[in-house]
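First up is the structure itself, then whatever we jot down about it.
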2 protein chains.
Amino acid sequence: MTTAAQETQVTELLRSRGVRPTRQRVELLAALAEEPNDVTAQSLWRRLREERGSSVGLATVYRTLSLLREQEVVDALTHHGDEVCYRLCSESHHHHLVCRRCHRVVELDGCDLDAWVADAAAVHGFTATAHHLEVEGECARCAAS
Amino acid sequence: MTTAAQETQVTELLRSRGVRPTRQRVELLAALAEEPNDVTAQSLWRRLREERGSSVGLATVYRTLSLLREQEVVDALTHHGDEVCYRLCSESHHHHLVCRRCHRVVELDGCDLDAWVADAAAVHGFTATAHHLEVEGECARCAAS
DNA sequence: CTTCCTGCAAAGCATTTGCATCCAT
DNA sequence: ATGGATGCAAATGCTTTGCAGGAAG
């Protein structure tokens with residue numbers, strides 16, 4: 001459930017990014033904060049309507065997620081190949097570790113690949129500006145079963 | 001242009017993966033081999049029809065690319081976010097360096113991140129089975145202009 | 001021959017957009 | 001008040017699928 005405290009926090013987050021905190025945006029972000037894994041726009045929309053009694057429209061979910069991605073409030077992942085998934089992530093540079101069985105996502109903080117990446121890019125005359133790493137594996141729980 | 005030698009080479013590649021070398025598949029793979037960068041199914045289809053006089057259907061392009069991806073003959077990339085791009089790549093493990101201005105793609109061979117990745121995964125109880133790194137940057141040509 | 005492949009057109013689906021209405025400031 | 005945001009439905013565009021005819025072994 002969404003508590004008043006959570007709503008306030010989410011509202012502040014939106015304000016701090018210059019995004020007007022409308023009811024729908026606050027609802028969406030609060031719901032996203034409670035998702036343990038990444039979700040598609042469609043699944044988040046269904047959850048909002050069916051489990052949270054929101055009357056938000058699908059188009060608004062898309063518009064809001066797109067806006068939040070631009071403001072770097074959420075990360076957009078594409079590891080399932082066909083559809084885009086969203087996730088509320090830490091603000092610092094990090095990578096994702098995804099379980100290939102249960103799709104659980106864990107954040108890998110403390111990336112120290114910058115030097116390696118810069119070197120590899122320089123070999124080809126490139127100046128590296130960003131990098132994205134995704135690690136696929138099996139989590140302990142799935143490996144045990 | 002596609003030479004007879006190229007066609008033979010492409011045909012052998014298909015045979016070696018147990019894929020029946022039909023005319024369309026050979027045409028497609030020969031065309032892909034000449035693409036310097038990654039292409040979408042749509043753009044490859046247009047090029048086949050308009051610049052190579054092929055009468056291949058769009059559905060066949062999708063079907064063939066999908067088949068070749070399963071056989072690991074081509075790599076599927078999603079760096080533009082919305083559409084899937086394909087590319088004929090080296091067979092060994094490698095990563096991609098993409099110019100954010102001109103979208104040129106260079107392969108980064110000799111990845112020695114396995115140890116780093118395995119360690120990072122182990123911290124979270126995961127067993128790493130694969131990893132994908134994409135480096136975004138600016139190529140020398142674009143940086144100069 | 002027989003099986004798999006292809007082209008075409010139609011269908012499917014995620015995402016975007018137009019527009020009248022509504023809400024936050 | 002008033003400009004931006006929303007909901008709905010229609011449109012868009014990539015990708016897949018059904019099916020009759022065609023090619024490969």
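Note on naming: letters A, B, ... go to the chains in the order of the sequence lines (proteins, then strands), and numbering restarts at 1 for each one.
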Item to check | L28(B) and its side-chain contact (heavy atoms from CB on, under 4.5 Å) partner, picked from T60(B), V74(B), L68(B) | outcome: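 Exactly one pass, corresponding to L68(B).
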Specify the separation, in whole Å, of atom [atom1] of [X] and atom [atom2] of [N].
| X | N | atom1 | atom2 | answer |
| --- | --- | --- | --- | --- |
| W45(B) | dG7(C) | CH2 | P | 11 Å |
| Q24(B) | dC8(C) | CD | P | 11 Å |
| E27(B) | dG7(C) | CD | C1' | 13 Å |
| L29(B) | dC5(C) | CG | P | 16 Å |
| L67(B) | dT17(D) | CG | C1' | 17 Å |
| L65(B) | dC14(D) | CG | P | 15 Å |
| L58(A) | dT17(C) | CG | P | 14 Å |
| R25(A) | dC22(C) | CZ | C1' | 14 Å |

Checklist entry - Any salt bridge (Lys or Arg N to Asp or Glu O under 4.0 Å) pairs touching residues 54-74 of chain B, not counting sequence neighbours? => result none
Next on the checklist: Please classify the nucleic acid contact of S66(B) as base, sugar-phosphate, or nothing, using heavy-atom distances under 4.0 Å.
Outcome noted: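 Nothing: the residue S66(B), judged by heavy atoms under 4.0 Å, touches no strand.
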Checklist entry - 5'-most contact on DNA chain D: A59(B) or R49(A), nearest heavy atom basis? => result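 The answer here is R49(A).
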Checklist entry - Are H131(B) and H95(A) linked by a side-chain donor-acceptor pair shorter than 3.5 Å? => result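 Their side chains do not contain a donor-acceptor pair, so the 3.5 Å distance test is not met.
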Next on the checklist: Within this structure, what is the NE2-SG distance for the pair H94(B) and C89(B), rounded to the nearest 0.5 Å?
Outcome noted: 3.5 Å
Checklist outcome for this item: Taken to the nearest 0.5 Å, the spacing of L67(B) CG from R17(B) CZ works out to 11.0 Å
Next on the checklist: So, does Y62(B) get its side chain near the phosphate of dT16(D), meaning an N or O under 4.0 Å from OP1 or OP2?
Outcome noted: no
Restricting to nitrogen or oxygen on both sides, can you table the protein-nucleotides 22-25 of chain D pairs closer than 3.5 Å?
from, atom 1, to, atom 2, distance (Å)
dA24(D), O4', R20(B), NH1, 3.3

Checklist entry - Would you say the base of dG4(D) and the side-chain of R63(A) have a donor-acceptor pair closer than 3.5 Å? => result no
Next on the checklist: So that I know where these two stand, are H132(A) and H93(A) an aromatic pair - ring centroids less than 6.0 Å apart?
Outcome noted: no
Item to check | Shared hydrophobic cluster, Y86(B) / V26(B) (ILVMFWY, side-chain heavy atoms < 4.5 Å) | outcome: yes
